[in-house]
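What follows is one structure encoded as structure tokens, with my remarks underneath.
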2 protein chains.
Amino acid sequence: MGLTGKANCMKISEVSERTGLSISTIRFYEKSGLCPFIKRGTDGKRTFSKSDADWLELLASLRATGMPMAKMRAFANLYACGDDTIQERKAALLVHGQSLEDRQAELDRCHTILNRKLQRYDDMMKDQK
Amino acid sequence: MGLTGKANCMKISEVSERTGLSISTIRFYEKSGLCPFIKRGTDGKRTFSKSDADWLELLASLRATGMPMAKMRAFANLYACGDDTIQERKAALLVHGQSLEDRQAELDRCHTILNRKLQRYDDMMKDQK
DNA sequence: TAACGACCTGAAGCTGCTATAGGTCAAGCC
DNA sequence: GGCTTGACCTATAGCAGCTTCAGGTCGTTA
């Protein structure tokens, strides 16, 4: 009855909800080689294990913070090669973490510009009266 | 001699340097109606006034913080209509400022996920030994 | 049994640039 | 004068990263 397949096995809609990636995007990522290890049920539908879902969540974070697909693909290849590559993956995440911090600084800078502009609008409106 | 045209008049390369937008992007923005008021010299080259450059700098901030072109175009239309629209422009910037803060929060969230992942890599490497 | 909903595929479309090809013009050099 | 160089110009094609659409397969439910 209400069993969602094997426990520990999620449907694409559940993964979508959890990761914030759209269903189309998940399929697109699979096609692009970011998660070639997703299994299918006998009915041809994708079945996601807990660790598949975790992986997609990490991908979502990387993408949301601006990692280009080419790098994500490289990262995915390391992941697919197993635990020997952890050192390399760690290095990649560290590099990306730096660029994320740069990005945050850039957003702050833009925020300041925005606020200065708002201030100027206020000044102009005062002058008009 | 070394005079760069009228003072108060910049070339596209100078505006590019100052705003961080590529020269192509500036031309593309003009074609897209984000700055239809840029004048040309008798030689057909674009000549940017100080306020043109300021405007493009603001556009750059908006774009860098994720405002879609359609909204930028709406904003540009208000700008082109003159000072009567300041109230509306201010409202638009406030709305965008909110979405910018949301975006910053999202980046922070992703940053946390990244760091947790790094921590887990460290744990795994310890276990391997 | 028919209709619904959740999944599937492949291909086309969209946004926001970026790169390429080909041309104009002024400045500097021989 | 003739030649090259460099900064600009246009128009068009290409690319990344999705999203949307058309059309099809299941399993469940009324």
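Below, chains carry the letters A, B, ... as their sequence lines are ordered, and counting in each starts from 1.
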At 4.0 Å (heavy atoms only), tell me whether [X] reaches a base, stays on the sugar-phosphate, or touches nothing.
X: B:Ser13; result: sugar-phosphate
X: B:Arg46; result: sugar-phosphate
X: B:Lys31; result: base

Which of these nucleotides, [options], is closest to any side-chain atom of [X]?
X: B:Arg27; options: C:dC7, C:dT9, D:dC9; value: D:dC9
X: B:Ser24; options: D:dC8, C:dA19, C:dA6; value: C:dA19
X: A:Phe28; options: D:dA7, D:dG17, C:dT18; value: D:dG17

Does [X] make a side-chain N or O approach to OP1 or OP2 of [N] shorter than 4.0 Å?
X: B:Arg63; N: C:dC17; result: yes
X: A:Tyr29; N: D:dC18; result: yes
X: A:Arg40; N: C:dT9; result: yes
X: B:Ser22; N: C:dT18; result: yes
X: B:Ser32; N: C:dG16; result: no

May I have the distance from [X] (atom [atom1]) to [N] (atom [atom2]), rounded to whole angstrom?
X: A:Phe48; N: C:dC8; atom1: CZ; atom2: C1'; value: 12 Å
X: A:Lys45; N: D:dG27; atom1: NZ; atom2: P; value: 8 Å
X: B:Ile12; N: D:dC8; atom1: CD1; atom2: P; value: 7 Å
X: B:Ile23; N: D:dA11; atom1: CD1; atom2: P; value: 18 Å

Do [X] and [Y] have side chains that get closer than 4.5 Å, going by heavy atoms?
X: B:Val15; Y: B:Ile23; value: no
X: A:Cys35; Y: A:Asp52; value: no
X: B:His96; Y: B:Thr65; value: yes
X: B:Arg89; Y: A:Lys117; value: no

- Message: For a quick test of reading the model, state the closest non-hydrogen atom pair linking B:Ala53 to B:Thr19 and the distance between them.
- Response: O-CG2, 4.1 Å
